[in-house]
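In what follows, every chain begins at residue 1, and chains take the letters A, B, ... in the order their sequences are listed.
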Amino acid sequence: MDKIISFNNRTFQNIFKSGKSYGNKLLVIYYVSNGLDYNRLGITVSKKNGNSVVRHRVKRLIKESYRLNDKKFVKGYDIIFIARVGIENSSYCEVQSALKHLMKKNNLLEK
RNA sequence: UGAGUAAGUCAGAUGAUCGCCGGUACAAAACCGCAAGGUUGUACGGGAGGAAAGUCCGAGCUCCGUAGGGCAGGGUGCCGGGUAACACCCGGUGGAGGCAACUCUAAGGCAAGUGCAACAGAAAGCAAACCGCCACCAAAAUGCUUUGCAUUUUGGCGGUAAGGAUGAAACGGUGAGGUAAGAGCUCACCAGCGGAUAGGUAACUAUUCGGCUAGGUAAACCCCACCUGGAGCAAGACCAAGAACGGACACAAAAAGGCAACUGCCCGUUGCUGUCCAAUGGUAGGUCGCAUGAGUUUACUGGCGACAGUAAACCUAGAUAGAUGAUCAUCUAAUACAGAACUCGGCUUAUAGAUUUACUCACAUA
RNA sequence: CGAGGUGUAGCGCAGUUUGGUAGCGCACAUGGUUUGGGACCAUGGGGCCGAAGGUUCGAAUCCUUUCACCUCGA
């Protein structure tokens with residue numbers, strides 16, 4: 001199992017500027033091709049979602065959803081997920097299906 | 001059985017798979033970084049709370065110039081005890097509430113001084129009198145038994161604070177005597193003040209005597225007693241790397257003056273300092289601080305209790321964008337408030353549900 | 001994590017020290033002025049002073065607790 005690789009603040013800004021975006025009720029995705037043979041993942045949870053414990057739980061849920069479905073995804077992209085308000089009341093199942101839905105819509109799932 | 005009071009306990013459990021954080025042992029000598037340093041794999045065992053919260057108090061610890069004296073400022077405030085300390089806790093006293101179990105209580109001093117009380121009311125502390133009540137004097141009117149007496153009205157000069165009206169509050173309260181009318185003027189009871197005696201470490205309580213009166217407000221200034229230097233782990237220490245340390249004028253030194261993380265002022269004390277110009281570093285480096293402590297559990301002893309002492313056993317999170325989650329199964333009442341960030345002792349606030357013990361009242365039965 | 005500050009009308013602010021009437025500007029409504037509008041003039045409405053307790057006869061103000069928001073500290 002590969003470790004989940006993150007990136008620095010400058011890369012975040014670049015992806016927000018140049019990446020493609022798409023959203024559903026719980027999540028927003030930004031992604032851009034990075035020219036590498038692995039994916040890099042970033043997660044943003046706003047202060048509006050709750051205090052630090054709630055935010056961290058949301059981060060873990062997203063990370064877990066990504067990790068367990070890692071092998072199904074196309075490699076070579078930088079991906080950012082943004083949590084929208086309301087996600088803090090959702091269960092793991094809902095988060096996972098929302099994430100899969102976004103990946104499928106953007107053709108990042110391997111056949 | 002119902003209603004209630006007080007003190008506690010628990011805060012899902014077990015198993016399986018995957019994942020996160022750090023510890024120990026072994027392995028590897030590869031990777032990242034200029035360096036200080038960090039990273040990897042396997043095995044073993046560990047990993048949030050009763051409030052971890054609010055940051056409202058108190059301490060340890062660290063630095064600030066020595067941590068000194070006085071004033072100011074701030075805090076506490078019935079009494080005694082506990083504690084490292086406290087605004088906390090325990091036991092008691094007074095007051096308030098409740099049928100009761102019991103609960104609540106910032107509860108020193110307005111008889112040191114100053115201030116305040118809108119509106120209303122005559123008057124809101126210092127003795128005064130608006131409507132009143134009463135005596136005396138004068139005038140007028142009326143009546144009668146006509147040198148006079150009685151009643152009423154008006155004016156004057158006094159006595160009084162019973163009654164009325166206002167207000168949150170009106171100069172002790174109620175009753176009786178007393179008086180021209182009244183008044184602690186006198187008496188009884190009650191409240192309050194001062195003294196004595198007895199009990200108690202004390203707050204205070206009980207009894208008794210005295211003089212009859214001293215308004216409220218100190219979470220108003222203030223007085224009294226006691227306490228109090230400031231900032232905070234982003235405190236602070238070490239390591240690594242990098243940058244700068246220049247010029248002009250004046251010049252013996254000292255003094256004076258100035259500057260200095262310490263809320264204000266004064267004194268004392270320490271260090272630096274001739275003036276001007278120019279220039280420079282930094283906000284994502286690493287390690288420690290950082291988990292053995294006023295520690296936890298059990299037993300015994302002392303104490304009404306808070307707590308203290310002795311002995312034995314135990315080691316129980318330590319991150320630095322910040323660790324506890326996901327899925328399945330079984331049991332179940334299990335769904336609340338909520339997540340350590342230097343560490344303790346308290347307080348306050350939030351909180352689903354389950355459960356234990358003691359006690360009070362009401363009803364029923366025996 | 002620590003330290004500090006602010007909550008008053010739709011918006012921006014006074015008033016809190018020293019407790020008794022809640023005020024100012026803009027905005028809003030009505031009327032006047034103008035051919036009409038703007039500007040201007042006059043009048044008016046709108047507040048349980050962030051929330052809950054306490055002290056007091058009486059609290060925006062004093063005390064305690066609590067909830068939001070903002071600023072600063074390597």
Distance check, [atom1] atoms only: [N] and [M], in whole angstrom units.
N	M	atom1	value
C/U8	C/G25	C1'	15 Å
B/A313	B/A107	C1'	49 Å
B/U349	C/A52	C1'	12 Å
B/A168	C/A22	C1'	24 Å
B/C315	B/U348	C1'	33 Å
B/U351	B/G230	C1'	40 Å
B/C99	B/A124	P	44 Å
B/G353	B/A333	C1'	7 Å

Checking base pairs now: Watson-Crick or wobble, both atom distances under 3.5 Å. What partners [N]?
N	answer
B/U275	B/A248
B/A120	none
B/A3	B/U360
B/U348	B/A53
B/U40	B/A27
B/A59	B/U343
B/C71	B/G264
B/A135	none

Side-chain contact, heavy-atom cut-off 4.5 Å: A/H101 with A/L27? no

So, do A/V28 and A/F81 sit near enough that their side-chain heavy atoms are less than 4.5 Å apart? no

With syn defined as a glycosidic angle within 90° of 0 and anti as everything else, classify [N].
N	answer
B/A214	syn
C/G25	anti
B/U316	syn
B/G69	anti
B/G184	syn

Runs of at least three Watson-Crick or G-U pairs with RNA chain C, cut-off 3.5 Å: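 Counting only runs of 3 or more consecutive pairs, the stems involving RNA chain C are C:1-7 with C:67-73, C:10-13 with C:23-26, C:28-32 with C:40-44, C:50-54 with C:62-66.
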
Quick one: list whatever passes side chain to side chain donor-acceptor pair (under 3.5 Å) with A/Y31, sequence neighbours left out.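 Per chain and number, A/Y31 pairs via side chain to side chain donor-acceptor pair (under 3.5 Å) with A/N106.
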
